[in-house]
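Here is the structure we will look at.
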Number of protein chains: 2
Amino acid sequence: MGSDIRRSMPLFPIGTVMQLADLTARQIRYYEEHGLVSPARTEGNRRLFSLNDIDKLLEIKDLLEQGVNMAGIKRILGDGTKDEAEKRAKKPDLSESDLKKLLKQEMMGNGKYSKNNLRAGDLSRFFR
Amino acid sequence: MGSDIRRSMPLFPIGTVMQLADLTARQIRYYEEHGLVSPARTEGNRRLFSLNDIDKLLEIKDLLEQGVNMAGIKRILGDGTKDEAEKRAKKPDLSESDLKKLLKQEMMGNGKYSKNNLRAGDLSRFFR
DNA sequence: TTATTATGTAAGAAAACCTCACACGTAGTT
DNA sequence: AACTACGTGTGAGGTTTTCTTACATAATAA
């Protein structure tokens, strides 16, 4: 549908995203570094995030809080590439060993996080 | 409804608004100076606009393009005050003379504007 | 002509953001 | 215990963006 372009429109600077997702700039840049999000850039090289980006950041946060590490999140959410075709192609689902590792980690979920501003998926219903 | 708080949430820096509404920073600040919009501010005094603010800016732009001047726009849209009660109280509708002036101006609509990124009201359906 | 209106533009300062780079706590490994 | 890897904190130094203030200008109104 056409709302995809709206949801993928680069609108928010990192400061706004920090507040909306309750993440530090360091965290957000780190996730980008790992290819999980690929915010657009202004002419002056400032990051501009879309609603989709923010949704993804919330999912990342969620998974991290559940004990999943970067590698696991990459397998689950895929990289920030917009190429859907490639995304499908490169989806050999989790391997046995990967799955075991993930389950092992989720098993021992640590509860060291608390004040969430937004939960994953919330942004889907954020506007209108 | 509850989406009011979402639509009035301060999210966008002036740069983003400039692009969305196709207005210069000067214009936006000028309209604020006249009390037509009242964007929130960051701790560091940067303006943060809400979706409602942007909608209003688009309406202002629209009216200006139709030849209505600031005074007229103030009467039509009211100031940026969130006080709805006051807004209703101070609505003696347009006076005869005001109306005549406005109509006269709208009559001779000048067509010196062209590349609109968004039209007034568009943002209402912008998300989701 | 002169005043007003809406906008352009420039200067100087401050906030926000950028990219490194290094530090640190925790957890797992040797 | 010592070492390593991971996710994040923090600081330095630099660039971009935004801020206020002030003056200029084209078009309209008086």
Side-chain angles (χ1 to χ4, degrees), chain A residues 10-49 57 60-74 100-102 104-113, chain B residues 10-19 21-49 53 57 60-74 97-98 100-102 104-113:
Chain A
L11 293 173
F12 307 97
I14 202 171
T16 297
V17 177
M18 288 171 62
Q19 291 196 160
L20 285 177
D22 190 35
L23 292 169
T24 67
R26 183 68 167 90
Q27 289 174 306
I28 297 170
R29 297 194 191 110
Y30 184 70
Y31 307 150
E32 176 185 9
E33 200 176 326
H34 281 265
L36 290 171
V37 288
S38 302
R41 300 281 183 139
T42 67
E43 280 192 5
N45 201 36
R46 260 70 217 242
R47 270 167 266 253
L48 279 187
F49 297 83
L57 288 172
I60 295 169
K61 185 187 174 188
D62 220 50
L63 290 168
L64 277 171
E65 289 173 359
Q66 289 171 26
V68 183
N69 63 13
M70 286 292 111
I73 296 177
K74 284 177 193 173
K100 277 200 294 185
K101 286 182 190 168
L102 291 181
K104 175 184 162 199
Q105 283 174 317
E106 293 191 37
M107 210 116 284
M108 33 174 271
N110 46 7
K112 46 178 173 178
Y113 305 90
Chain B
L11 295 174
F12 308 97
I14 202 171
T16 298
V17 177
M18 288 170 61
Q19 291 196 160
D22 189 36
L23 291 170
T24 66
R26 182 66 167 94
Q27 289 175 304
I28 296 170
R29 297 195 192 107
Y30 184 70
Y31 306 151
E32 176 186 9
E33 200 176 326
H34 281 266
L36 290 171
V37 288
S38 303
R41 298 284 184 137
T42 68
E43 280 194 5
N45 200 37
R46 255 82 189 154
R47 271 166 266 251
L48 280 186
F49 296 81
D53 288 331
L57 287 173
I60 294 168
K61 185 188 175 189
D62 219 51
L63 289 168
L64 276 171
E65 289 175 356
Q66 289 171 25
V68 183
N69 63 11
M70 287 291 111
I73 295 177
K74 286 178 193 171
S97 63
D98 286 336
K100 278 199 296 184
K101 287 182 191 168
L102 290 181
K104 174 184 162 198
Q105 282 174 316
E106 292 191 38
M107 211 115 283
M108 32 175 272
N110 45 7
K112 45 179 172 177
Y113 304 92

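Computed from a predicted model, the values in this text were never measured in an experiment. Letters A, B, ... mirror the listed sequences (proteins, then strands); counts begin at 1.
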query = Of all the choices, D:dG7, D:dT18, D:dT8, which nucleotide is nearest to the side chain of A:Q27 once you look at every atom?
reply = D:dT8
ask   = Nearest of C:dA6, D:dT17, D:dG9 to any side-chain atom of A:T42?
value = D:dT17
remark   = Contacts of B:R41 meeting salt bridge (Lys or Arg N to Asp or Glu O under 4.0 Å) (sequence neighbours excluded), chain-then-number -> B:E32
ask   = For the pair made of CG in B:D22 and P in C:dT7, what is the distance, rounded to whole Å?
value = 12 Å
ask   = Closest to the A:T24 side chain: C:dT7, C:dC18, D:dG9?
value = D:dG9
ask   = Within this structure, what is the CG-to-C1' distance between B:L23 and C:dG8, rounded to whole angstrom?
value = 14 Å
key: Value in whole Å for how far the C1' atom of D:dG7 lies from CD1 of A:I60   = 13 Å
request  = May I have the distance from A:Y31 (atom OH) to D:dC6 (atom C1'), rounded to whole angstrom?
outcome  = 12 Å
note = To the nearest 0.5 Å, atom CG of A:L23 lies from atom CD1 of A:I14 at 9.5 Å
ask   = Taking atom P of D:dC6 as reference, at what distance in whole Å does atom CG of A:L64 sit?
value = 13 Å
task = Return the value, rounded to whole Å, for the distance between atom CD of B:E33 and atom P of C:dT7.
result = 11 Å
note = Checking A:H34, A:Q27, A:R26 against A:Y30 for side-chain hydrogen bond (donor to acceptor under 3.5 Å, both in side chains), the one that qualifies is A:H34
note = In this structure, CD of A:Q66 is separated from CD1 of A:I73 (nearest 0.5 Å) by 9.5 Å
query = Within less than 4.0 Å of OP1 or OP2 of C:dT7, is there a side-chain N or O belonging to B:Y30?
reply = no
remark   = The contact string for nucleotides 20-25 of chain D, one letter per nucleotide 5' to 3', using protein heavy atoms under 4.0 Å with B, S and - for base, sugar-phosphate only and none, comes out as B-----
request  = Quick one: pull up CG in B:L11 and CG in A:L20 and give me the separation to the nearest 0.5 Å.
outcome  = 5.5 Å
request  = Kindly indicate whether the side chain of A:I28, heavy atoms from C-beta on, has any atom under 4.5 Å from the side chain of A:F49.
outcome  = yes
Whole-Å gap separating P (C:dA15) and CD1 (A:I14) = 19 Å
query = Roughly how many Å is it from NE2 in A:H34 to C1' in D:dG7, rounded to a whole number?
reply = 8 Å
ask   = Hey, are the side chains of A:M70 and A:Y31 touching, using non-hydrogen atoms and a 4.5 Å cut-off?
value = yes
Base D:dC19 paired with B:R46 side chain (donor-acceptor, <3.5 Å) = no
